[in-house]
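Keep in mind the model is a prediction, meaning the values are calculated, not measured. First listed ligand is number 1; within each ligand, the first listed atom is number 1.
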Amino acid sequence: MSTDLTEARGLLIRYGGDQFERAFVRAEGSVVWDDQGREILDFTSGQMCATIGHNHPALISAMEKAGETAVHLFSGMVPQAVLDLAVKLQDWLPKPLKRVLPVNTGAESNEAALRLAKMATGGYEVVALGGSWHGVTGAAAQASYASDRKGYGPKVPGGFVLPEPNAYRCPVDHCRDRCDMTCLKAGLRLFDMQSDGAGAAVIAEPIISAGGVIVPPEGYFGELAGAARDRGMMMVFDEAQTACGRIGAKTGAHATGVTPDILTMSKTIGGGLPLAVTATSDEIEEKAHAAGFTFYTSHVADPLPALAGIAVLETIERENLIEAAAEKGARLRAGLEALQQKYEAIGDVRGQGLLLGVELVEDRESRKPNHRLGAVTTDECFRRGLSMNIRRRPERGAVWRIAPPLTVTDTEIDRALDILDGALAAGLDHLAGETT
Ligand SMILES: Cc1ncc(COP(=O)(O)O)c(C=O)c1O
């Protein structure tokens, strides 16, 4: 089939963000290829989902197995694969979390979490963090404050936001470089003033990714979970990006030592297939069930994504990818910190494991976001064979979110760092040319 790319592109609804000009035809490991055979290092793991690398043989076998057994079933017919996934997840969930609901997208897993919390508490108020992203569906979008709220009509009653614990850009202009959690105290005070006492959930990402890869300070989640408990609310961790080894731990709950009441996993568990999971304790499941909890979707508990999830978790275990995330993350981070020494424009390097953020500034004193450099350099990286994701909302910093597959090799990391180095130099030259 020979498709005119420009004409075909005109047939698509533009769903947001910039799109590359070429069509993309193949992906394997940490590399993707366009229709002209150009090889590009994928340092975003697709949509942060290709945890074990693109098209890992284990993932392909899982799809073949689904083809030989069952791809989709009636929601009342629980597939063997879903039972196997539930058992496998017991090795991955912090106790007492054990009951799981397999759905497809991160947004859905958060919808399910919030519905569970509402049913279990009888409340409806949901508190989220500034810079959060939980999905584009109703309740998930209501709790997302990173971007894209404008123009979609009135917000759902009961939504509250706490200022995010961003030590590099303190949202309450109080700290610099070390968050002392004044933002949390101030936010809770405002919430208490406004709440009508019907709290259901506090939802948070262990690392606030879309908001600029913000790592909350030690002790933050203990305080936040305590605040939720004091108000009779459920603590929900959205681990779309932090679960399944990416940050060098099984989950963000393991990394922070705080076990939430409800934990959601999505992107990383499917390895590129649409699997997401909402997990909770026996006690909360019983309460929600007794209150009439439902969550019907066309693809709830489907066997194909469940098989993919098992393959991803088993591959992470077999290939020691949690340790790899910590080791490769340290190598990548050291390289980024070396670039920070070289370029004044790199204001901050942060993150954990293979979920890293690099913030670009005009100068280190003012910390004015350098969006222009971010845009030019990201394009230059791509021209040189490296795909990078830059968060470039004007109201937030210009932050690269760097998250290659956990299977990334040292050679690929070094190649990416070389490309980034060259692209930064070229980007700075370009901007200097614009101002002279
Ligand atoms: C932390 C987090 N939660 C939820 C979502 C939504 O997931 P999905 O796009 O699969 O609905 C995202 C997506 O970017 C995310 O980063």
Side-chain angles (χ1 to χ4, degrees), residues 15-17 44-51 101-115 117 126-149 152 159 161 164-166 201-216 221 224 235-247 251-253 255-256 260 262-279 295 297-300 302 305 308-309 312 351-357 389-393 396 399-403:
Y15 45 78
T44 70
S45 297
Q47 292 277 99
M48 316 284 289
C49 303
T51 321
L101 171 65
V103 288
N104 301 109
T105 62
E108 271 184 283
S109 65
N110 291 325
E111 294 289 337
L114 297 176
R115 281 168 76 99
V126 175
V127 175
L129 301 186
S132 55
W133 184 267
H134 299 296
V136 295
T137 57
Q142 166 58 52
S144 296
Y145 294 97
S147 57
D148 304 291
R149 289 185 72 89
Y152 298 105
V161 60
E164 67 276 26
N166 183 345
V202 175
I203 182 167
E205 300 155 70
I207 293 178
I208 306 162
S209 181
V213 193
I214 299 163
V215 184
F221 285 109
L224 190 64
M235 181 74 232
V236 180
F237 274 6
D238 174 353
E239 300 234 24
Q241 301 196 13
T242 48
C244 304
R246 173 158 294 286
I247 62 170
T251 66
T256 59
I262 304 173
L263 186 154
T264 64
M265 302 177 169
S266 47
K267 295 173 178 289
T268 52
I269 193 174
L273 270 85
L275 173 66
V277 170
T278 307
F295 201 81
T297 72
S298 301
H299 298 287
V300 68
D302 256 351
V312 168
Q352 269 174 29
L354 279 173
L355 178 53
L356 296 173
N389 177 289
I390 185 111
R391 308 297 308 163
R392 55 175 109 158
R393 296 280 159 192
R396 303 198 172 273
V399 182
W400 273 310
R401 183 168 58 180
I402 309 180

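- Among protein heavy atoms, atom 7 (O) of ligand 1 sits closest to G106 CA, 3.3 Å.
- For A240, no nitrogen or oxygen atom sits less than 3.5 Å from a nitrogen or oxygen atom of ligand 1, counting backbone and side chain alike.
- In this structure, L275 and P102 have side chains that are in contact, with non-hydrogen atoms separated by less than 4.5 Å.
- The line from OG1 of T44 to CG of N389 is 6.5 Å long, rounded to the nearest 0.5 Å.
- Using a 4.0 Å cut-off to heavy atoms of E205, the atoms of ligand 1 that qualify are 1 (C).
- For ligand 1 and T105, the ligand atoms under 4.0 Å from any heavy atom of the residue are 10 (O), 11 (O).
- Taking only nitrogen or oxygen atoms, main chain and side chain alike, A107 reaches within less than 3.5 Å of ligand 1.
- Remark: the backbone N or O of A276 is not paired with any side-chain donor or acceptor of S266 at under 3.5 angstrom.
- Residues passing the side-chain contact (heavy atoms from CB on, under 4.5 Å) test with A253 are P94, F237, E239, T251, P260, L263, sequence neighbours excluded.
- Looking at atom 16 (O) of ligand 1, its nearest protein heavy atom turns out to be Q241 NE2, 2.7 Å.
- Here CD1 of I262 is found 7.5 Å from CG of L114. Values are rounded to the nearest 0.5 Å.
- Here the shortest heavy-atom pairing between G357 and V399 reads CA-CG1, 4.1 Å.
- Not one N or O of H134 is nearer than 3.5 Å to an N or O of ligand 1, by distance alone.
- Regarding atom 15 (C) of ligand 1, its nearest protein heavy-atom neighbour is W133 O, 3.6 Å.
- Checked against a 3.5 angstrom limit, the closest N/O atoms of D238 and ligand 1 fall inside it.
- Sorted by first and then second residue, the pairs that involve residues 129-138 and meet side chain to side chain donor-acceptor pair (under 3.5 Å), not counting sequence neighbours, are E111-T137, H134-D238.
- The nearest protein heavy atom to atom 9 (O) of ligand 1 is not closer than 4.0 Å.
- Panel note: side chain K267, backbone Q47; a donor-acceptor pair is recorded below 3.5 Å.
- Atoms of ligand 1 found under 4.0 Å from any heavy atom of N110, numbered from 1 in the order shown, are 3 (N), 4 (C).
- Remark: distances from the non-hydrogen atoms of K267 to ligand 1 include one below 4.0 Å.
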